[in-house]
Engineer: 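Supplied in C-alpha cells, the structure appears directly below.
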2 protein chains.
Amino acid sequence: MRNRRSDVVSAALQVLDAHGLEHCTMRRVAAELGVQASALYHHVPDKQTLLAHMADEIVRDVRGESPAILCRSLRAALLAVRDGAEVVATASAFRLGASDVEARLAEMVGGDGARTLLLYVFGQAQATQTQLQAYALGALPGPARRDPAGEAAQGFDRGLAIILAGLGR
Amino acid sequence: MRNRRSDVVSAALQVLDAHGLEHCTMRRVAAELGVQASALYHHVPDKQTLLAHMADEIVRDVRGESPAILCRSLRAALLAVRDGAEVVATASAFRLGASDVEARLAEMVGGDGARTLLLYVFGQAQATQTQLQAYALGALPGPARRDPAGEAAQGFDRGLAIILAGLGR
DNA sequence: ACCTGAACACCGTTCAAGT
DNA sequence: ACCTGAACACCGTTCAAGT
C-alpha cells in the first residue's frame with residue numbers, strides 16, 4: 001500500500017475523531033490503512049510521537065490578531081476533533097506543538113499572561129469535551145440543557161473576560 | 001488476606017505515588033495487596049471507580065479562608081502525590097470529587113470565577129508535574145534551573161494574581 | 001464474604017523475513 | 001523502502017470454583 005507519514009497521521013486523526021482517544025490504538029490506525037500494526041513503526045518511532053504529530057495538525061491553523069481572538073481560535077481548533085483538547089494538552093504538556101501560539105500571546109500580554117490564558121483555554125476545552133460527551137451519552141445530573149455547546153461557549157467567554165480584565169485589557 | 005475497599009484505595013495510592021499513573025494497573029495494585037487482580041472487583045466495580053475514590057482521597061483535606069489560600073491548598077494537595085493533578089482532573093472531569101471546593105470558591109467569587117480559578121489550578125498543577133518529571137529525567141531544553149519547584153510555585157502565584165485581579169480582588 | 005485460576009479480547013513494540 | 005507474521009510482555013474484566 002506504500003504509505004507516507006502524513007497518511008499515518010491522517011488515518012490516526014480519522015480514527016480519533018470517529019472513535020475517541022481511548023480507541024485510537026496503533027492496531028486500529030493500521031487497520032484504517034489496511035496494514036499491519038508493525039508497519040506503522042516504519043513511519044513513526046512510537047505512539048507518543050504519532051500523538052505529537054496529530055497535535056501539531058489539530059492546532060495548525062490557529063491564529064488571531066488579539067488575545068481574545070487567538071484564544072477563541074485555539075479553542076475552536078481543539079473542539080473540532082473528538083478528544084482534541086486532551087490530545088494536544090498531553091502530547092505537548094502545555095508547551096504547544098504550535099508554541100507559535102504561546103509566543104504570539106506572550107508578545108501581546110507577557111509570559112505569565114500567555115501561560116495563564118493557555119492553561120485556561122486547554123482546561124476549559126477539555127472540560128467542555130468531557131461534558132458534551134457525557135451529555136451525548138444521556139446521563140447527566142440537573143435539568144436538561146437546550147444548547148449545551150452554546151452555554152459552554154458563553155461560559156468560556158466569561159472566564160476569558162475575567163482573565164483579560166486581570167491583564168488590564 | 002481479607003481486605004476492605006479502603007485498603008484497595010490506599011494500596012492504589014501507594015502504587016500511584018511510587019510508579020506513576022501509567023503503571024498504576026489493577027494487577028500492580030493487587031500485587032501490592034498480595035492478591036489476584038480479580039479479587040479487586042470484589043471491592044470496586046471497575047478501574048474508573050477506583051480512580052475516582054483515589055481522587056477523593058487526594059483532595060480530602062483541602063480548605064482555606066480566602067480564594068487564594070483555598071487555591072494554594074488545592075494545588076499543594078494535587079502536587080503531593082505523583083500524577084495527582086491528572087488523576088483528580090480526569091477522574092472528576094473538573095467537577096471535583098470534592099465539589100465542596102468548587103462550592104466554597106463560588107460563594108466567594110461567583111460561579112464563573114470559581115470555574116476559572118479551578119481550571120487554572122488544575123492546568124498549572126498538571127503542567128508543573130509533567131515538567132518536574134521531565135526535569136528529573138534529565139533532558140530539558142534551556143539553561144539548568146536551580147529550584148524548578150520554587151519557580152513553578154512563583155509562576156503559579158503570578159497567574160493566580162492575574163485572575164484574582166480580574167475578579168476585583 | 002473474599003479470593004483463586006483460568007480465560008477472553010485486547011494493548012505497544014520488536015524483529016526476522018519477504019518484495 | 002515498505003510491509004507481513006509471529007512473538008513478547010503486558011492490559012481490564014469475567015466467571016466458575018474454592019474456603
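Chain identifiers are assigned alphabetically (A, B, ...) following the order of the sequence lines, protein sequences preceding nucleic acid strands; residue numbering begins at 1 within each chain. Keep in mind it's a predicted model, so treat the numbers as computed, not measured.
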Engineer: Quick one: A:Leu21 CG to C:dC11 P, roughly how many Å, whole number?
Structural biologist: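 Nearest whole value for this atom pair: 13 Å.
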Engineer: Is any side-chain heavy atom of B:Ile69 closer than 4.5 Å to a side-chain heavy atom of B:Ser66?
Structural biologist: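 The answer is yes, as the side chains (C-beta and beyond) meet within the 4.5 Å cut-off.
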Engineer: I want to verify a distance call: between C:dT13, D:dC15, C:dC15, whose nearest atom is closest to the A:Met26 side chain?
Structural biologist: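 Output: C:dT13.
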Engineer: For the pair A:Leu117 and A:Leu167, evaluate side chain to side chain contact (heavy atoms under 4.5 Å, CB included) and give the outcome as yes or no after the intermediate values.
Structural biologist: CA-CA 10 Å; A:Leu117 283 169; A:Leu167 289 165; 4.1 Å; yes
Engineer: Quick test of your reading of the model: are A:Asp61 and A:Arg63 salt-bridged, counting only N-O distances below 4.0 Å?
Structural biologist: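 Yes, this pair counts.
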Engineer: Is it true that the NZ or CZ of B:Arg72 lies under 6.0 Å from the centre of B:Phe156's six-membered ring and within 45 degrees of the ring axis?
Structural biologist: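 That pair does not qualify as a cation-pi contact.
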Engineer: Counting only side-chain heavy atoms from C-beta out, which of D:dT4, C:dG12, C:dG5 sits nearest to B:Gln36?
Structural biologist: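 Nearest listed nucleotide: C:dG5.
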Engineer: What is the pairing partner of C:dC11, taking Watson-Crick or G-U wobble pairs with both distances under 3.5 Å in any strand?
Structural biologist: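 Because no pair has both required distances under 3.5 Å, C:dC11 counts as unpaired.
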Engineer: To the side chain of B:His42, which of D:dT4, C:dC2, D:dT13 is closest?
Structural biologist: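 Minimum distance to the B:His42 side chain belongs to C:dC2.
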Engineer: By nearest atom, which of the nucleotides D:dG12, C:dC15, D:dC15 is closest to the B:Ser38 side chain?
Structural biologist: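 My answer, after comparing the listed nucleotides, is D:dC15.
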Engineer: When you measure only distances, ignoring hydrogens and angles, does the side chain of B:Thr25 come within 3.5 Å of the base of D:dG12 through a donor and an acceptor?
Structural biologist: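 Donor-acceptor pair under 3.5 Å: no.
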Engineer: Can you figure out which of D:dT14, C:dC11, C:dG12 approaches the side chain of A:Tyr41 most closely?
Structural biologist: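 From the listed options, C:dG12 comes nearest.
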Engineer: Tell me whether the side-chain N/O atoms of A:His43 come closer than 4.0 Å to OP1 or OP2 in D:dC3.
Structural biologist: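 Answer yes for this pair, as a side-chain N or O of A:His43 is under 4.0 Å from OP1 or OP2.
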Engineer: Does D:dT4 have a Watson-Crick or wobble mate here (both distances under 3.5 Å), and if so which one?
Structural biologist: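 Pairing partner: C:dA16.
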